[in-house]
Amino acid sequence: MFLTVLLYVFIAVIFIEIIFFCTAALSFRTVSNQPETSNAAVSLVLYSKNQAKHIKTQLPKFFKQNHQNFEIVLINHASTDESLEVMKKFQNKYTALKIIDVKNNEAFWASKKYALTLGIKAAAHNQLVLSSIDFEPQSTSWLQYMAADAIKKQMVFGYVKHLNHNYFCRFFDFFRTIKIYTLGKKGLYYSGASANVSYTKELFFSSNGFVKHMELPFGETTLFANEVAKRSNTAFSLHKDKFITSVKAPSFEKWFREHAKINLILRYCKSTAQISNVLLYLCHFLFYALATTLLVFGAINQKTLLISLIGLRFSVQYICYGFIAKKLNELKLIIVLPIFEVFQLILQFIIFISSLISKRLYWN
């Protein structure tokens, strides 16, 4: 009787997962192969803290954008290296460069959100695109594409592709992108990286920017989006020429800490975001747990049904994830999909426990 109940639960879990896979693939169908461009006025806000080396190499690349009407607001956030001196040298070369030198103060000590707020306030244009100096656009038309999307929506999330991560970490981020995009299209959960996001100056200040979560020293984009993003004013910009990539190769420890912060941020998001994330995790976990249990302890006459259900689930997942991976130029990530998925579930649980018991460790 107990195993029969488990079998019914297993069938329900597979049904939910197949719905998610298909919904995700259908959502990614809207990613255009021929995106529009625009030269509408844009302020590109670049964050920098102790990044003198990357300012020298990356700032010229941002200025190589084909966009005809943009400024760069470069934030120097209390750097202790030669960042400010390097910035001033570039200012003599680029007239469209505006430097915001942010000093630490007692009220907002080392607050990235405070520094970004000053940069946004100094921007000349209403349309903002935010990134960081240690990232790099994958196309010289990136800013034109973001500007075109921003004309239609007040908030636009771009894709950050981590080419210098190992394949497992890239799969972890790939699955998170699928989850955010699919749930975001349904209005359930909005999140994104501060290295590739756009919103209007008007939207930012009319909703009081980062004020409600200024005390939390990270999660500026996700928490701001959690307050203001909705289906009517938000879009996702996922064409390959709209990608941003990191120029640094982070250690696994740093990557782990960043995802622990993401887990902490989720607890400050609206209940629909938390519930949908937990439900997806439980479904993935229960699939593998119940599949193993039923294959080992289930009745012999049910083995054919079990194998058929497992095969159906993986077939649908491979087809849907393959379609999405092709859109994101990440096909190599799904070659050993089941193995990566099991490790992803285990690591996600470890990250959850780690952030739960060591909250202060990830606070700074």
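All residue numbers in this chain count up from 1 along the given sequence.
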Q: Hydrophobic cluster membership, with links at side-chain heavy-atom distances under 4.5 Å among I/L/V/M/F/W/Y: are Leu264 and Leu223 in one?
A: yes
Q: Using the side-chain contact (heavy atoms from CB on, under 4.5 Å) rule, take Gln58 and Phe135 through it: C-alpha gap first, then chi angles, then the decisive distance, then the call.
A: CA-CA 7 Å; Gln58 300 308 113; Phe135 284 77; over 6 Å; no
Q: With a 4.5 Å cut-off on side-chain heavy atoms, are Arg231 and Lys185 touching?
A: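 Counting from C-beta outward, Lys185 and Arg231 never come under 4.5 Å.
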Q: Please determine, by modelled atom types, if Gln51 and Ser83 share a side-chain donor-acceptor pair under 3.5 angstrom.
A: no
Q: If you apply the rule side-chain contact (heavy atoms from CB on, under 4.5 Å), what do you find for Ile75 with Leu118, and how did you get there?
A: CA-CA 8 Å; Ile75 300 170; Leu118 294 183; over 6 Å; no
Q: At what distance, to the nearest 0.5 angstrom, does OG of Ser43 lie from CG of Asn126?
A: 9.0 Å
Q: Looking at every non-hydrogen atom in both residues, tell me the closest pair between Cys22 and Val316 and how far apart they are.
A: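 What the structure gives for the nearest pair is SG-CG1, 3.9 Å.
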Q: Is it possible for you to say whether Phe21 and Val31 belong to one hydrophobic cluster, with membership spreading through side-chain heavy-atom contacts below 4.5 Å?
A: yes
Q: Calculate, to the nearest 0.5 Å, the distance between atoms CG and OG1 belonging to Asn39 and Thr37 respectively.
A: 6.5 Å
Q: Return yes when atom NZ of Lys270 has more than 12 non-hydrogen atoms of other residues, nucleotides or ligands closer than 6.0 Å, and no otherwise.
A: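 Atom NZ in Lys270 is packed in, count exceeds 12.
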Q: For a ring pair (Phe, Tyr, Trp, His ring centres under 6.0 Å) with Phe172, tell me which candidate from Phe256, Trp255, Phe343, Phe340 qualifies.
A: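 Single pass found, and it is Trp255.
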Q: Determine whether His125 and Lys201 satisfy the following criterion, side-chain contact (heavy atoms from CB on, under 4.5 Å), listing intermediate values before the conclusion.
A: CA-CA 8 Å; His125 306 302; Lys201 191 173 179 179; over 6 Å; no
Q: For the NZ atom on Lys98, are there more than 12 heavy atoms of other groups (residues, nucleotides or ligands in this structure) within a distance under 6.0 Å?
A: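 Buried by this count: over 12 neighbours within 6.0 Å.
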Q: At what distance, to the nearest 0.5 angstrom, does CD of Glu136 lie from CD1 of Ile244?
A: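 The CD atom of Glu136 sits 8.5 Å away from the CD1 atom of Ile244.
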Q: Verify, without hydrogens or angle tests, whether Thr200 (side chain) and Gln154 (backbone) share a donor-acceptor contact under 3.5 angstrom.
A: no
Q: Using a 4.5 Å cut-off on heavy atoms from C-beta on, say whether the side chain of Arg257 contacts that of Lys254.
A: no
Q: Does the pair Val160 and Thr245 meet the rule for a side-chain contact (heavy atoms from CB on, under 4.5 Å), with working shown?
A: CA-CA 6 Å; Val160 176; Thr245 59; over 6 Å; no
Q: Going only through I, L, V, M, F, W and Y residues with side-chain contacts under 4.5 Å, is there a path from Met155 to Ile120?
A: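 Same hydrophobic cluster.
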Q: Would you call the rings of Phe349 and Phe352 parallel, tilted or perpendicular, where under 30° means parallel and over 60° means perpendicular?
A: tilted
Q: Tell me whether the count of non-hydrogen atoms from other residues, nucleotides or ligands lying under 6.0 Å of NZ in Lys303 goes above 12.
A: yes
Q: Under 4.5 Å between side-chain heavy atoms, hopping through other hydrophobics if needed: is there a path connecting Val129 to Leu238?
A: no
Q: Looking at every heavy atom in both Phe10 and Ile310, which two are closest together, and how far apart are they?
A: CZ-CG1, 3.8 Å
Q: Would you check if the side chain of Ser237 reaches a backbone N or O of Met146 as a donor-acceptor pair within less than 3.5 Å?
A: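 Not a single qualifying donor-acceptor pair exists.
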Q: For Lys326, does the NZ atom sit with more than 12 other heavy atoms under 6.0 Å from it, leaving out its own atoms?
A: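 No - once you tally the heavy atoms of other residues, nucleotides and ligands closer than 6.0 Å, there are 12 at most.
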Q: Are Trp142 and Asn66 close enough that a side-chain donor and a side-chain acceptor fall under 3.5 Å?
A: no
Q: Are more than 12 heavy atoms, taken from residues, nucleotides or ligands other than Gln91, located less than 6.0 Å from that residue's CD atom?
A: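 Check passes, neighbour count above 12.
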Q: Between His213 and Lys113, is there a side-chain donor-acceptor contact under 3.5 Å, judged purely by atom types and distance?
A: yes
Q: With a 3.5 Å cut-off and no angle check, do the side chains of Glu36 and Tyr145 form a donor-acceptor pair?
A: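 Checked: Glu36/Tyr145 side chains show no N/O donor-acceptor pair below 3.5 Å.
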Q: Please check if any side-chain donor atom of Ser194 sits under 3.5 Å from a side-chain acceptor atom of Glu220, or the reverse.
A: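 Side chains of Ser194 and Glu220: pair found under 3.5 Å.
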Q: Nearest 0.5 Å, what's the NE2-CZ distance between His162 and Phe243?
A: 12.0 Å
Q: Between Ser141 and Asp241, do the side chains contain a donor N or O and an acceptor N or O under 3.5 Å apart?
A: no
Q: Is the number of heavy atoms from other residues, nucleotides or ligands within 6.0 Å of CD (Glu85) greater than 12?
A: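 Check passes, neighbour count above 12.
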Q: Taking all atoms of both residues into account, what is the closest heavy-atom pair of Val156 and Lys153, and its distance?
A: CG2-O, 4.2 Å
Q: Classify the ring geometry between Phe28 and Tyr181 as parallel (under 30°), tilted (30 to 60°) or perpendicular (over 60°).
A: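 Phe28 and Tyr181: tilted rings.
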Q: So for atom NZ, which belongs to Lys240, do other residues, nucleotides or ligands contribute more than 12 heavy atoms lying within a distance under 6.0 Å?
A: no
Q: Do Leu280 and Leu183 come close enough that some side-chain heavy atom pair is under 4.5 Å?
A: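 Answer yes - side chains close enough.
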Q: Is it the case that Gln127 and Ser198 place a side-chain donor and acceptor less than 3.5 Å from each other?
A: yes
Q: State the CG-CD distance between Leu7 and Gln302, to the nearest 0.5 angstrom.
A: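 So the gap between those two atoms works out to 5.0 Å.
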Q: Does a side-chain heavy-atom distance below 4.5 Å link Arg29 with Phe323?
A: yes
Q: When you compare the side chains of Glu341 and Gln317, does any donor N or O come within less than 3.5 Å of an acceptor on the partner?
A: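 The criterion, which ignores hydrogens and geometry beyond distance, is satisfied for Gln317 and Glu341.
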Q: From Phe15 CZ over to Leu312 CG, what is the distance, rounded to the nearest 0.5 angstrom?
A: 11.5 Å
Q: Taking the side chain as C-beta and beyond, is there a heavy-atom pair between Leu6 and Leu3 under 4.5 Å?
A: yes
Q: Any chance you could lay out the ring pair (Phe, Tyr, Trp, His ring centres under 6.0 Å) test for Tyr321 and Phe171, step after step, and finish with the verdict?
A: CA-CA 11 Å; Tyr321 276 23; Phe171 176 82; 7.2 Å; no
Q: Does Lys242 make a cation-pi contact with Tyr159 (under 6.0 Å, within 45 degrees of the axis)?
A: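 No, Lys242 does not sit over the ring of Tyr159.
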Q: Heavy atoms only: give me the nearest Ile100-Val73 pair and the separation to one decimal.
A: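 Looking at all heavy atoms of both residues, the closest pair is CG1-CG1, 3.6 Å.
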Q: Within a 6.0 Å radius of atom CZ on Phe168, are there more than 12 heavy atoms belonging to other residues, nucleotides or ligands?
A: yes
Q: Would you say the side chains of Asn76 and Asp101 form a donor-acceptor pair under 3.5 Å?
A: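 Distance-only check passes for Asn76 and Asp101.
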Q: With a 3.5 Å distance limit and no angle check, can you tell me whether Ser354 reaches the backbone of Ile350 through a side-chain donor-acceptor pair?
A: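 Side chain of Ser354 to backbone of Ile350, a donor-acceptor pair under 3.5 Å: no, none is there.
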Q: Strictly distance-based, threshold 3.5 Å: is any side-chain N or O of Tyr190 a donor or acceptor partner for the main-chain N or O of Gly184?
A: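 Yes, Tyr190 side chain to Gly184 backbone: donor-acceptor pair under 3.5 Å.
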Q: Taking the side chain as every heavy atom from C-beta outward, state whether Lys88 and Ile99 have any atom pair closer than 4.5 Å.
A: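 Result yes, sub-4.5 Å side-chain heavy-atom pair found.
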Q: For Ala195, is there any backbone N or O sitting under 3.5 Å from a side-chain donor or acceptor partner on Ser131?
A: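 Yes; judged by distance alone, with no hydrogens or angles, the pair exists.
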Q: Please identify which of these residues, Phe204, Tyr114, Phe218, meets the ring pair (Phe, Tyr, Trp, His ring centres under 6.0 Å) condition with Phe210.
A: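 Filter result, single survivor: Phe204.
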Q: Could you verify whether a donor N or O on one side chain and an acceptor N or O on the other, from Asn50 and Thr80, lie under 3.5 Å apart?
A: yes
Q: Any non-hydrogen side-chain atom of Lys230 less than 4.5 Å from a side-chain atom of Asn233?
A: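 Touching, per the 4.5 Å side-chain cut-off.
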Q: So, do Val42 and Asn69 sit near enough that their side-chain heavy atoms are less than 4.5 Å apart?
A: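 Not in contact.
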Q: Can you see which heavy atom on Phe252 is nearest to which on Cys169, and at what distance?
A: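 Residues Phe252 and Cys169, closest heavy atoms: CD1-SG, 4.0 Å.
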Q: Spell out, yes or no, whether Val9 and Phe20 are grouped together once hydrophobic residues are joined by side-chain heavy atoms under 4.5 Å, including indirect joins.
A: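 Yes, because Val9 and Phe20 connect within a single hydrophobic cluster, where side-chain heavy atoms sit under 4.5 Å apart.
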Q: Looking at Tyr268 and Asn226, what are the two nearest heavy atoms and their distance?
A: O-ND2, 3.8 Å
